[in-house]
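Just so you know, these numbers use all the heavy atoms, side chains as well, and skip hydrogens, waters and symmetry mates.
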Amino acid sequence: QVQLVESGGGLVQVGASLRLSCAASGRTFSRYTMGWFRQAPGKEREFAAAITDSWTGGNTYYADSVKGRFTISRDNTKNTLYLQMNSLKPEDTAVYYCAAGPMGIPSQFDFWGQGTQVTVSS
């Protein structure tokens with residue numbers, strides 16, 4: 001079991017930056033592939049970014065919509081996942097969730113946080 005708590009969301013203007021954090025419980029954080037997902041009002045939840053577990057090499061993956069603007073990273077010594085978001089756009093407005101899944105490239109993520117709201121105002 002992994003418990004995940006997101007933080008760092010807020011209201012920002014177009015072009016601003018935010019860094020989201022996701023604190024994970026447990027001693028096996030490094031063995032999980034971690035991801036960020038987001039859900040905009042009236043839309044389905046969508047994938048934003050993922051970083052594989054340390055054994056797989058910590059490879060990163062991004063949705064096309066965020067590639068080049070968002071950076072996912074992890075600090076296994078702090079059991080924390082990050083999402084650095086730059087050049088924010090109104091379409092980035094959503095609730096952002098972190099999730100944990102099995103090692104490698106999981107077909108699904110098993111553990112989810114409660115989410116943090118990001119609002120980008122024009």
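- The two residues Thr80 and Lys78 come nearest to each other via the heavy atoms OG1-O, 2.8 Å.
- Ile72 and Leu88 fall within a single hydrophobic cluster, where Ile, Leu, Val, Met, Phe, Trp and Tyr are joined by side-chain heavy atoms under 4.5 Å apart, directly or via other members.
- Taken from CZ in Phe37 to CD in Glu46, the straight-line distance is 10.0 Å, to the nearest 0.5 Å.
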**Report entry** Worked check of side-chain contact (heavy atoms from CB on, under 4.5 Å) between Asn79 and Ser25
**Finding:** CA-CA 7 Å; Asn79 280 11; Ser25 65; over 6 Å; no
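- Within the 4.5 Å cutoff, side-chain heavy atoms of Val120 are placed close to those of Val14.
- The aromatic rings of Phe70 and Tyr96 are tilted relative to each other, their planes meeting at an angle between 30° and 60°.
- The hydrophobic clustering, which links ILVMFWY residues whose side-chain heavy atoms are closer than 4.5 Å, places Tyr62 and Leu18 together.
- Annotation: salt bridge (charged side-chain N to carboxylate O under 4.0 Å, His left out) contacts of Arg69 (sequence neighbours excluded): Asp92.
- Figure legend: cation-pi geometry between Arg45 and Tyr97, with NZ or CZ positioned under 6.0 Å from the six-membered ring centre and within 45° of its axis.
- Checked by atom type and distance alone, the side chain of Trp112 pairs as donor or acceptor with a backbone atom of Phe109 at under 3.5 Å.
- Scanning both residues, Ala100 and Leu4, for their nearest heavy atoms gives N-CD1, 3.8 Å.
- A donor-acceptor distance shorter than 3.5 angstrom exists from the side chain of Arg74 to the backbone of Thr52, with no hydrogens or angles considered.
- Considering every non-hydrogen atom in both Thr33 and Pro106, the closest pair reads CG2-CD, 3.6 Å.
- For the atom pair CD of Gln84 and OG of Ser17, the computed distance is 5.5 Å after rounding to the nearest 0.5 Å.
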Query raised in the report: Passes side-chain contact (heavy atoms from CB on, under 4.5 Å), Ile51 versus Asn59? Steps please.
Result: CA-CA 5 Å; Ile51 183 166; Asn59 299 315; over 6 Å; no
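- Under 3.5 Å, the side chains of Asn76 and Ser54 contain a donor-acceptor pair of N or O atoms.
- Between Ser65 and Arg38 the shortest heavy-atom distance is OG-NH2, 3.3 Å.
- Taking OG1 from Thr71 and CG from Asn86, the interatomic distance works out to 6.5 Å, rounded to the nearest 0.5 Å.
- The CG atom of Leu83 sits 9.5 Å away from atom OG of Ser21, with the distance rounded to the nearest 0.5 Å.
- Using a 4.5 Å cut-off between side-chain heavy atoms of Ile, Leu, Val, Met, Phe, Trp and Tyr, with links allowed through other members, Tyr61 and Met85 fall into different hydrophobic clusters.
- Counting only distance, with no hydrogens or angles, the side chain of Thr116 and the backbone of Gly9 share a donor-acceptor pair below 3.5 Å.
- The backbone N or O of Val2 lies less than 3.5 Å from no partner atom in the side chain of Tyr32, so there is not a single donor-acceptor pair.
- With a 4.5 Å cut-off on side-chain heavy atoms, Phe47 and Trp36 do not count as touching.
- Residue pairs that meet the side chain to side chain donor-acceptor pair (under 3.5 Å) test with at least one member in residues 1-14, sequence neighbours left out, do not exist here.
- Val118 has its side chain out of reach of Thr93: every pair of non-hydrogen atoms, C-beta onward, lies at least 4.5 Å apart.
- Within a 6.0 Å radius of CD in Gln114, no more than 12 heavy atoms belonging to other residues, nucleotides or ligands are found.
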